[in-house]
J.: 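Got a structure here, written out as structure tokens. Questions coming.
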Amino acid sequence: MKTANLKISFLSWLVFTVLAADVSADSVVLKDTNLANGVSLLQAQQWEAAEQKLGLAATNRTEPAVSATAEFYLGLLWQNRAAQAPSPEERARLLAKAAVHYEAASSGLPESGPTLNNLARVRSNLGEIEQANLTIDKALALKDGREGAYLLTKADILAAQQAPLQDQLQQLDKALRAAPENKALQNRFADTALDADPAALAKTARWLLRKGYVDVAERLILKGLPVEHDKRSSLLLYLAETLSKKRYIPSSFSETRTAAVLGSIVDAEDVGSGAQELLSLHAKPSREASTYPWWTVTRPGRRGYLFKLALALSTTQWQEQALKSAQRYAELAVDLADKANPDAILQLANIYASTGQRRRLQRLSTLYVRDLFQGKGDAYASRNDQQIYEYHLALGSIFGYLGQWENNRWQAASAIYQLENARLTAARINRRNNPQTRAKVIVPVAAGELLAKAYVETKQPDKSAVVRLDSAELYRKQGRPELAEAILTVPEAQLKAVLRDAAPVTNVRWQRATQEQVYTVD
């Protein structure tokens with residue numbers, strides 16, 4: 001029988017830990033008047049009236065699904081009421097009632113995971129630990145997509161047993177892997193990690209970041225920073241890494257809990273200066289790395305964390321069209337990098353080009369192109385395709401922005417050479433990657449635009465059109481139709497000039513790709 005969730009909203013303590021029932025989406029279950037009215041009354045927390053209606057529905061012997069579902073909601077009713085009980089004795093009495101109804105529901109709906117989950121919780125709260133474990137294991141065996149909730153229940157059963165915190169943390173780790181986006185679980189994991197071993201918080205935070213659990217890592221770090229222990233400086237480093245993986249507006253940072261926690265430790269002897277510098281970075285960024293000595297002078301290893309954050313903030317500001325702020329962060333990132341970093345230099349080159357700062361762009365080229373070539377050579381020597389791609393892209397973009405389309409003396413010092421190789425390297429990386437993965441290298445539209453322009457400027461119109469068409473086709477395959485549309489959006493006069501001199505087959509491809517008028521030679 002196909003099932004669907006009948007979603008209901010109860011007390012906040014029930015979120016995620018207690019689940020709604022499985023009921024037939026198109027059967028008489030949803031049409032039974034007593035059941036429907038009982039659920040509505042339960043949502044309104046009108047306990048007595050809800051109990052009456054659900055009790056009537058539970059006696060429906062002609063429709064077993066109706067009866068079983070009503071029993072589920074009666075269990076949920078008593079579980080709700082137990083949460084509000086004035087004494088432990090009263091709470092136990094109400095939970096025992098809930099257990100009776102959940103057991104009846106489970107008999108009628110033996111494959112209802114939510115029923116088993118809630119019954120396991122009730123049994124655990126009543127001290128019936130062995131029965132609780134057996135029940136939740138039945139829910140896990142269903143493999144119905146709710147494993148995160150069931151694993152959290154299993155962790156709560158361990159807590160009821162007063163099991164060692166490390167065992168609880170291990171169980172929460174399994175739950176987090178199954179449901180990484182759940183906020184309640186994230187908080188629970190952070191709280192347990194803090195209690196389990198404060199000295200291991202930095203190690204746990206690093207593990208979370210490597211697994212991609214950014215929000216969980218941030219919660220854990222913010223809980224640990226105000227606590228006095230030996231690894232607090234490491235937590236501050238991982239906080240910077242956490243922030244570099246999030247998208248937010250720097251000007252609104254002062255209103256966040258993260259800023260509040262940083263503000264609470266600015267007078268701490270060990271990390272106070274680092275916290276203050278992070279706050280200053282968001283309030284009024286400096287272009288110079290020396291402005292942040294805790295991060296750049298005290299210990300060299302800290303510098304890289306601030307670099308990632310500065311570059312991420314520049315990217316966010318660039319996307320928000322806050323170009324002055326984006327430029328400051330990009331200039332800081334370039335200054336923070338231990339060596340010429342292609343990502344930071346490309347970001348700054350993009351900003352200079354888009355804002356018409358040709359002198360600064362030329363100076364950037366003078367200062368860093370030689371180092372970029374050196375880095376590219378090292379990347380080829382180590383066969384690091386990702387770095388090879390990044391260096392080609394940075395060099396090609398700088399040469400393109402400066403109009404260095406070709407170079408007869410040294411082919412490599414040209415936009416065409418570098419951008420072509422960037423595209424070829426990206427294709428090589430994508431071919432090597434698992435086709436099921438979403439981690440694809442997507443060449444920026446700006447790079448395609450520059451290469452298309454380079455071919456126009458060097459009297460190769462057909463290649464210009466083909467670059468756009470090939471890029472659009474690839475973007476569509478990568479699931480980015482908006483990028484395909486962007487690369488094919490060309491001013492009409494420019495398009496006429498290009499297609500008039502392009503090969504007939506290119507004209508046909510363009511027509512098919514854009515449904516636009518085909519321009520041919522007169």
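Basis for what follows: all heavy atoms, side chains included, without hydrogens, waters or symmetry-related copies.
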J.: If you measure from the Lys or Arg side-chain nitrogens to the Asp or Glu carboxylate oxygens, is any gap between D335 and R287 under 4.0 Å?
T.: no

J.: Kindly say whether S244 contributes a backbone atom to a donor-acceptor pair with the side chain of Y305 at under 3.5 angstrom?
T.: no

J.: Would you call T291 and L332 a side-chain contact if the rule is heavy atoms closer than 4.5 Å?
T.: no

J.: Which atoms form the tightest heavy-atom contact between A120 and A132, and what is the distance?
T.: O-CB, 3.4 Å

J.: Mind listing the closest non-hydrogen atom pair of G75 and A98 along with its distance?
T.: O-CB, 3.4 Å

J.: Could you tell me whether E103 and R123 make a salt bridge, using a distance below 4.0 angstrom between a side-chain N and a carboxylate O?
T.: yes

J.: Under a 4.5 Å cut-off applied to non-hydrogen side-chain atoms, are W294 and V271 in contact?
T.: yes

J.: Do L336 and W295 make a side-chain contact, defined as non-hydrogen atoms from C-beta onward lying under 4.5 Å apart?
T.: no

J.: For atom CD of Q162, is the number of surrounding heavy atoms from other residues, nucleotides or ligands below 6.0 Å larger than 12?
T.: no

J.: Any chance CD of Q161 has more than 12 other-residue heavy atoms, nucleotides or ligands included, within less than 6.0 Å?
T.: yes

J.: If you draw a 6.0 Å radius around NZ in K53, do more than 12 non-hydrogen atoms from other residues or ligands fall strictly inside?
T.: no

J.: Between R247 and E320 (salt bridge meaning N to carboxylate O under 4.0 Å), is one present in this structure?
T.: yes

J.: For residues 236-276, which residue pairs qualify under ring pair (Phe, Tyr, Trp, His ring centres under 6.0 Å), counting only residues two or more places apart or in two chains?
T.: Y248-F253, Y248-H282, F253-H282

J.: Run the side chain to side chain donor-acceptor pair (under 3.5 Å) check on T153 and N117 step by step: do they pass?
T.: CA-CA 7 Å; T153 294; N117 178 79; 2.6 Å; yes

J.: Tell me whether K138 at atom NZ has more than 12 heavy atoms from other residues, nucleotides or ligands lying less than 6.0 Å away.
T.: no

J.: What pair of heavy atoms forms the shortest contact from A340 to Y391, and how long is it?
T.: O-OH, 3.7 Å

J.: Any non-hydrogen side-chain atom of E390 less than 4.5 Å from a side-chain atom of L346?
T.: no

J.: Indicate the atoms forming the closest heavy-atom contact of L172 with R188, along with that distance.
T.: CD2-CG, 3.7 Å

J.: Give me the atom names and distance for the closest heavy-atom approach of A275 to I265.
T.: CB-CG1, 3.8 Å

J.: At what distance, to the nearest 0.5 angstrom, does OG1 of T192 lie from CD of Q171?
T.: 11.5 Å

J.: Are R328 and E331 ion-paired here, with the side-chain N under 4.0 Å from a carboxylate O?
T.: no

J.: Mark yes or no for whether N430, through its side chain, and V441, through its backbone, hold a donor-acceptor pair below 3.5 Å.
T.: yes

J.: Could you measure the distance from the NZ atom of K246 to the CG atom of L243? Nearest 0.5 Å is fine.
T.: 7.5 Å

J.: Quick one about E48 and Q52 (side-chain donor to acceptor, distance below 3.5 Å, no hydrogens or angles considered), yes or no?
T.: no

J.: Please check if the number of heavy atoms outside K211 that lie under 6.0 Å from its NZ is greater than 12.
T.: no

J.: Go through the steps for R480 and E482 under the test salt bridge (Lys or Arg N to Asp or Glu O under 4.0 Å), then give the verdict.
T.: CA-CA 5 Å; R480 300 297 300 272; E482 75 283 3; 2.5 Å; yes

J.: Looking only at heavy atoms, what is the nearest atom pair of L54 and A70, with distance?
T.: O-CB, 3.5 Å

J.: For the CZ atom of R302 and the CD atom of E277, what is their distance to the nearest 0.5 Å?
T.: 9.5 Å

J.: Is there side-chain contact between L278 and Y292, with heavy atoms separated by less than 4.5 Å?
T.: no

J.: Other residues, nucleotides and ligands only: do more than 12 of their heavy atoms fall within 6.0 Å of CZ on R299?
T.: no

J.: Under a 3.5 Å threshold, yes or no: a donor from one side chain and an acceptor from the other, between S314 and Q347?
T.: yes

J.: L220 pairs by side chain to side chain contact (heavy atoms under 4.5 Å, CB included) with which of L208, L225, L239?
T.: L208

